[in-house]
Each structure stands twice: as structure tokens, then as C-alpha cells.
Amino acid sequence: MTQRSDATGFVTDESDSVPSAPFFWARPRAAYIHIPFCAHKCGYCDFASVAGQDDAIDRFLSALDREMASQLTPGTVVDTIFVGGGTPTYVSAKQLDRYLDRLNHWFQVSPDVEFTVESNPNTLTAEKVAILANHGVNRVSLGAQSFRPHLLKQLERNHDPASVGRAIDLLRKRFDNISIDLIFGIPGQTQKEWEEDLETSLSLEPNHISAYGLTYEKGTPLWKQRKLGIVEPIDENIEATMYEHLMDRLNLNGWEQYEISNFARGRKKCRHNLYYWANAPYYGFGTGAAAFQNNRRTLNLRPLITYMERVESGESPICQSEVLESESRARETAILNLRRTEGISRVNFIETTGHRIDDLAGDPIRQFVEHGLLIDDGETICFSRAGFLLADGILARIV
Ligand code: SF4
């Protein structure tokens, strides 16, 4: 592994430009900005998103700018900027131009910075694509989810399958780093339909695919439908087969699985997410945004109006704040590191946390290794293929 130290004392793996050690007390090198507005609320959505509140967009953007002003100096240097939501491209072209201008004011944007904006297919126009590119955005993550009308309907998505191809055609003119989000395990979805969704995605030639099994988040309309028996989850064995197919199909032909649900080709791993899984510090702005700075985890208020009122009156929008004890930070680092296919490096772990992974979780690790769910070569611990299928349960035991 080639490494270099930068001016801040980070040690950086040049292959992915993500610091490996030591960084808990360092200044954040990643920034997350949350734009909560959507055209409508999808049935499974538990994100901090709002629909039907377009009148508040300009007011929100002013509050967002004020929140950034409270923490940043103009030209703050970061390695990654990630604008998520919500649907960051749902706002008008003028509003998109406005907030990207401000991000260019607060952050030093350059071709070396990975600058991602999440988008939904039917919110992109040639004008918006040009605005994104002209402001230094160099990565777009597109929420396709499925290419089957009945499955999009089940998810209460409001785009049609053809709009994904149209959006990619528009993006291709300015972007060579495009990610597609997919969901599998949707009620009514067959194995064949999932395999075809994956093939359709590959035919669009993205550089990155994120694929998640559908989750029934408490309180969502989909969760209620499941409780009432209106919706029946698919058999967990079928869902496992879908995930196995995903790994088999994508770990071929230049694709690389680098995390439980994330796959890249052409070295286009999402650097921003690699920061999260390294448990490195990051800024967070906007409704419901999490941040990790000075060993403190914070969470912003989710309700739009309360967030704006707080910021407008000069108060902090933070609603939760926790200083992490050394051991809990180390345990958190363990489960975040383990999500990556490269797993936990014993040397890096002790350098970054001050703890030996074997002191924290030696027993469960040994047991999972005996059951063939983890692989331990003495230097690193990582999931086996069978382990990836049971990742959530294993990560819970490691905690
Ligand atoms: S588009 Fe995304 S953020 Fe918006 S409601 Fe649907 S799932 Fe939630």
C-alpha cells in the first residue's frame, strides 16, 4: 500500500485518498450537506425528507448558509463533499445554482475534491446538469432503485424506468463518474426481475453501484402496510439469493465489492463513504445531518421549520450530541471498518483507536471465524462471503 503524509499529519493511502491514521482529533476532511426537499414522499422512506414544502426552499437555503457560516471559513479545504437528501436536484435550476455557489464559497472546490450530488431521474434537465458540472460537481449518484414499473409503484417512487436512461444520457455529456442506487427484496420481486434490474443497470455503464435490501423502517407507510398484512415481505432465502447474485455478478469484469452494499469499477470507490467507514471526522449541515468533530457526534434537528427557526435566531440546530469514550469509539470503528471488504487491519486499528481489536471483541471474532463467517489471517479480519450474508447480526455481536 502506497502511503503519504499530508500537511495535516494524515497518513493517506494514495489508492483511495482516505486517511488511515491518526485522525480522531484532526479537522474534518469530508463534508455532508443535506437538502431535504422531494417531489413526493416514497412509501419506504425514513430519511429527513419533505414533500409539498417548496415554498420553504429559499428560506432553508438561507438557513443552511448561515449554519455553514457558523462553523466554516471561506475556502475550507476538504477532500470530499457529498450533497444528499431528500433530492438535492429537485429544487429549481436557480436554487441549485444558488446553493452550489455557496458551497463553492465555503469549500475549496477543485478537481481533486470528490464532489457528489444525489439525484433522482426525473429531476434532471440539461440546464441542471450544466449547473452541477460548472460548480465542480464531479460525481452524481442516481436513485434508480428498480426498472420494473410494478416495483417502483410498490416503493411509491414517482419516476418511470425510462427516465433513468434519459438522466444518464444527460449526465454522460458532463460526467464520467456516475453511481446507480438499487433496491432488492421488494415485495413481489422475483429473482429473475432482480437479475434483469442488475443487467439493465450494467448496460447503462455506471462506475459505481450501491444495492441495498429493502428495509421496513418503523413508522413508514410501508412498515404500516406490512403490519396490517397488506404487504408481504419476500422470503429471506430469496433475498439472500438476490444478494449472492449481486456479489457474483459484480465481482466480475472489473467490478470490485468494497463494502457490504457498494461496488465500484475503474477505481471509482466513493471516497466520501470510505471516510465514514474509516470513522474519520466529517462536517454535517442541514436538517437531520450528522457530524463528527473533535470526537463529538452530533445530530441536527430533522423538522424543517424548527431547524430554520433555530438557525435564524442564531441558535444551534443540534438536537443530540455525544462525546465518545475511547472504548465506544473503538467499538464503533470496528463495526464501521468491518463493513469494508478490506475489513479491520490490526495495525491500523490500534494506531487509530489505541485499543487492540482482540481485547475488545476477541471472543466473538474467534467464534465467527470458526463458523466460517469471518476470515482472520493474523493481520486483518474481514467478512467471508457467507459472513456478508449475515453482516447485520455479526456487526451487532461485535458491538
Ligand atoms: S426520493 Fe429518496 S429521500 Fe425523497 S422521499 Fe423518496 S426515498 Fe425519500
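Atoms within each ligand, like the ligands themselves, are counted from 1 in listed order.
Side chain to side chain, N300 and Q320 fail the donor-acceptor criterion of an N or O pair below 3.5 Å. D101 and H135 are linked by a side-chain donor-acceptor pair at a separation below 3.5 angstrom, with hydrogens and angles left out of the test.
Near N120, meaning under 4.0 Å from one of its heavy atoms, ligand 1 places the atoms 1 (S). Taking every heavy atom of H40 and a limit of under 4.0 angstrom, the matching atoms of ligand 1 come to 5 (S). If you number the atoms of ligand 1 from 1 as listed, the ones under 4.0 Å from a heavy atom of C38 come out as 1 (S), 3 (S), 4 (Fe), 5 (S). Near Y44, meaning under 4.0 Å from one of its heavy atoms, ligand 1 places the atoms 7 (S).
Under the 4.0 angstrom criterion for non-hydrogen atoms, R157 is in contact with ligand 1. Not close to ligand 1: Y90, with no non-hydrogen atom less than 4.0 angstrom away. A heavy-atom separation below 4.0 Å is found between G86 and ligand 1.
Relative orientation of the Y243 and F184 rings is parallel, given thresholds of 30° and 60° on the angle between their planes.
When only non-hydrogen protein atoms are considered, atom 6 (Fe) of ligand 1 lies nearest to C42 SG, 2.3 Å.
Between S179 and R139 the shortest side-chain heavy-atom distance falls below 4.5 Å. Residues L96 and E127 have side chains not in contact (no heavy-atom distance under 4.5 Å, counting atoms from C-beta outward).
Atom CG of residue N120 and atom OG1 of residue T87 lie 4.0 Å apart, to the nearest 0.5 angstrom. In this structure, F263 CZ and I180 CD1 are separated by 14.0 Å, a value rounded to the nearest 0.5 Å.
Atom 4 (Fe) of ligand 1 has no N, O or S atom of C45 under 2.8 Å away, backbone or side chain.
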